[in-house]
2 protein chains.
Amino acid sequence: MSPARSTEGAPISSIGRGIAVLACFTPRAHALTLSELSQKSKLPMSSTHRVVAELTTGGFLVRGKDKRYRIGTRMWSIAQLAPVSDQLRERALPTLARLYEETGENITLAVLDRGQALYVDRLVGEKSIPSASRTGGHLPLHTTGVGKVLLAYLDKEKIDAYLSRPLQRATPHSITDPDKLREELTEVRQRGYAVVRQELTPGNGSVAVPIMRRGRCIAAVGIVAHINKLYVDQLVEILNKAAESIGHELEETH
Amino acid sequence: MSPARSTEGAPISSIGRGIAVLACFTPRAHALTLSELSQKSKLPMSSTHRVVAELTTGGFLVRGKDKRYRIGTRMWSIAQLAPVSDQLRERALPTLARLYEETGENITLAVLDRGQALYVDRLVGEKSIPSASRTGGHLPLHTTGVGKVLLAYLDKEKIDAYLSRPLQRATPHSITDPDKLREELTEVRQRGYAVVRQELTPGNGSVAVPIMRRGRCIAAVGIVAHINKLYVDQLVEILNKAAESIGHELEETH
DNA sequence: ATTTACTTTCCGCTTGTCGGAAAAGTGTGG
DNA sequence: CCACACTTTTCCGACAAGCGGAAAGTAAAT
C-alpha cells in the first residue's frame, strides 16, 4: 500500500500505519528488523517503533532472537477465519490432497482477488516442478492457468477493464495482445478449461478448470507440470472430477 | 483480548482497538455486523465504526452484501507469511496429503502456541470422523494427541507450570489429575508417541508423534479416528514415517 | 577504546481520535 | 403509506494519544 509520507492530502491513520507495517512483509522478506520496517513503511523510526510495539503486544508480530520481526500466530489464527480459508481452502483440501496423490504434480487452488489470482492453497512435492505460486500470493490472470479461468468467467465489463491495461510479458510465450487473449478466453469458456504453456515460467505448463457454484465461477483448480508431461485430456478429466467434488463440498452446510 | 473499557490504567491504543475488533471473529462468528462488533469489542459505536472503516480500507475486513463484516483477503495473504504457515504448513502439506490418502482419517498438524495446541493444518474428508479441531484454532494440551506430545517434550519447568493450573475436563475420560498426566507424559517420551481415547470427544481417539529438529520438538502430527479403528501400532508406524519426511522437508533450504 | 549502526526513550507540540448526540438509513408490521 | 424500532453514519467540541526529531542506550566491529 502507499507509503505513509507520500500519501497526499489525508494523513494516514494509526490503524493504517499498523497495516502499512504489516504490509512490509513479503515472501522474500518474511523476517525484518526495525530499521527495515521503518524504511519499507516510510515511517519515522520512533513512529515505527511504537507501531511495531503495539502489534507485538497484540500478537500480530513476534520478535525473534535474531531481533527480526515476523508475522505472529495471533494474526495467522484470526486470518484463518477469512472465508477464503475456512469456507473454501479447508473444505477443498481433501480433494486437493487426492489430486496431488493421484498426479504427483503441483496442485493449485485460486480465487479472484483485486484483479489477480490469489493462491488459496497449493501442494508441491519433492518430485513436482518448482513453480512461481505461493499460498497467500498473487499472480497475474493472463499468464496462469487458474488466472485464465477466473478471467474467462468474469463479466464482460471486467474482462474489458483487465484487457484495457497493458498485459505484462513474463516469458516470450506470454500472450500480451488483448485480441488474442480475448479469443483465448472464449475458448476457455467453450471447452471448460484453460491451458498455459510457458507463459509464466519457461518449461512449465498448467491446466485449470473452474469451480462453479450456482452458475458462477468462484474459484479455479489447476495442475502445473512440465510441458512434456502436460497430458491435457487426462488432466482435464481428473480436474473436472476434483472441481465437482470441491463444489459439492462447498454446498454442504458444515 | 481484554475489552477496551475494562482495561485498567493504560488506555487502549488505536492499533490495540483494531486488534480488538479483529479478535471478535471466532469460528462460530465469522461474519459480524457493526453492532455486534461494537458489543463484542466493548467499544462505543462511533469508535467501532471508525476502526472498522480503517480496517476495511486496508483490506483487513470486507463488508458483504448482507452488511456483515468478514476477515479480508489482504489480512489473510499477509498472515500466510507467518513462519507457522510458509515455513511449516506449506512444507508439511504434501506429507499430510499422503497421510490422508493412506489412512482416510482425520490428519492434524499442531504447534505449541500460548500454552495450547495451535492447529497449523488438518485434513478431514467426508469419511473421516468429525473432530473439534480447526486450522487456526487452539485446543488444550492435555486432552489432544498432538497436545500431549507438545507438552511431553517441553522443559520440566514449563510442564510443571501447565500442570499447576486446573486441568479442564472435556469428557469423563479426560485425565485431570496432574500426577497421572505426568506419568502419561513420561510414557509419551519413552515410547515416542501419544494416545488419546475419548479424552476430548466421546468416541474419538487419536495418535500423535513429534516432529523433531535438532533434538527439539517443533510440531506434532497426529491422526484422529473412531476408537474402534485406532490401530495404534499401525498408525504409529505411518506417523513416524510422516514425521521424518516432514522433518526432512523442513531442513531443506527453499 | 572508539566508531558505527541500530534501537529505545524522551518530550513539547499538534492534530488524530475520542464518544455522545443527532441525523440518516433500513426493515418490518399494521 | 406511515409509524416504529433498530442500525448505521455523521457531526463536532474536547483532549490526550500519537507525532517525530533529538538524545540516550546498546551491541558489534575494528
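A, B, ... follow the sequence lines: proteins, then strands. Residue 1 opens every chain.
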Out of [options], which has the shortest distance to the side chain of [X]?
X	options	value
A/Arg63	C/dT17, D/dT8, C/dT8	C/dT8
B/Ser35	D/dT8, D/dG18, C/dT7	D/dT8
A/Thr33	C/dT7, D/dT9, D/dG18	C/dT7
A/Arg17	D/dC19, D/dT8, D/dA17	D/dC19

* Structure fact -> Here the pair of heavy atoms bringing B/Leu250 nearest to B/Gln87 is CD2-O, 3.3 Å

Rounded to the nearest angstrom, tell me the gap between atom [atom1] in [X] and atom [atom2] in [N].
X	N	atom1	atom2	answer
B/Leu43	C/dG20	CG	C1'	15 Å
B/Glu54	C/dC18	CD	C1'	14 Å
B/Leu34	D/dT10	CG	P	11 Å
A/Ile15	C/dG16	CD1	C1'	12 Å
A/Leu37	C/dT8	CG	C1'	15 Å
A/Ile12	D/dG18	CD1	C1'	14 Å

Going by the rule side chain to side chain donor-acceptor pair (under 3.5 Å), which residues pair with [X] if we only count those two or more places apart in sequence or in a different chain?
X	value
A/Gln116	none
B/Thr48	none
B/Lys156	B/Asp160
B/Thr143	none

* To do: Determine: side-chain N/O of A/Ser14 to OP1/OP2 of D/dA17, distance under 4.0 Å, yes or no.
  => no

* **Under-4.0 Å side-chain N/O to phosphate OP1/OP2 contact, B/His49 with D/dT8** => no

* DNA chain C: A/Ser13 or A/Met45, which has the more 5' nearest nucleotide? -> A/Met45

* Asked: Mind checking what makes salt bridge (Lys or Arg N to Asp or Glu O under 4.0 Å) contact with B/Arg169, not counting sequence neighbours?
  -> none

* Should B/Arg122 and A/Glu90 count as an ion pair when the cut-off is N to O under 4.0 Å? -> yes

* Asked: Going by heavy atoms closer than 4.0 Å, what residues in residues 64-71 of chain A are next to DNA chain C?
  -> none

Polar atom pairs between nucleotides 11-16 of chain D and protein, under 3.5 Å, N or O only, would you list them?
none

Could you pull out all donor-acceptor pairs under 3.5 Å where a side-chain atom in residues 29-37 of chain B meets a protein atom, sequence neighbours excluded?
{"unit_1": "B/Thr33", "atom_1": "OG1", "unit_2": "B/Glu36", "atom_2": "N", "d": "3.1"}
{"unit_1": "B/Thr33", "atom_1": "OG1", "unit_2": "B/Glu36", "atom_2": "OE1", "d": "3.4"}
{"unit_1": "B/Glu36", "atom_1": "OE1", "unit_2": "B/Thr33", "atom_2": "N", "d": "2.8"}
{"unit_1": "B/Glu36", "atom_1": "OE1", "unit_2": "B/Arg68", "atom_2": "NH1", "d": "3.3"}

* **Any pair counted as side chain to side chain donor-acceptor pair (under 3.5 Å), so long as it reaches residues 53-62 of chain A, sequence neighbours left out** => A/Glu54-B/Ser13

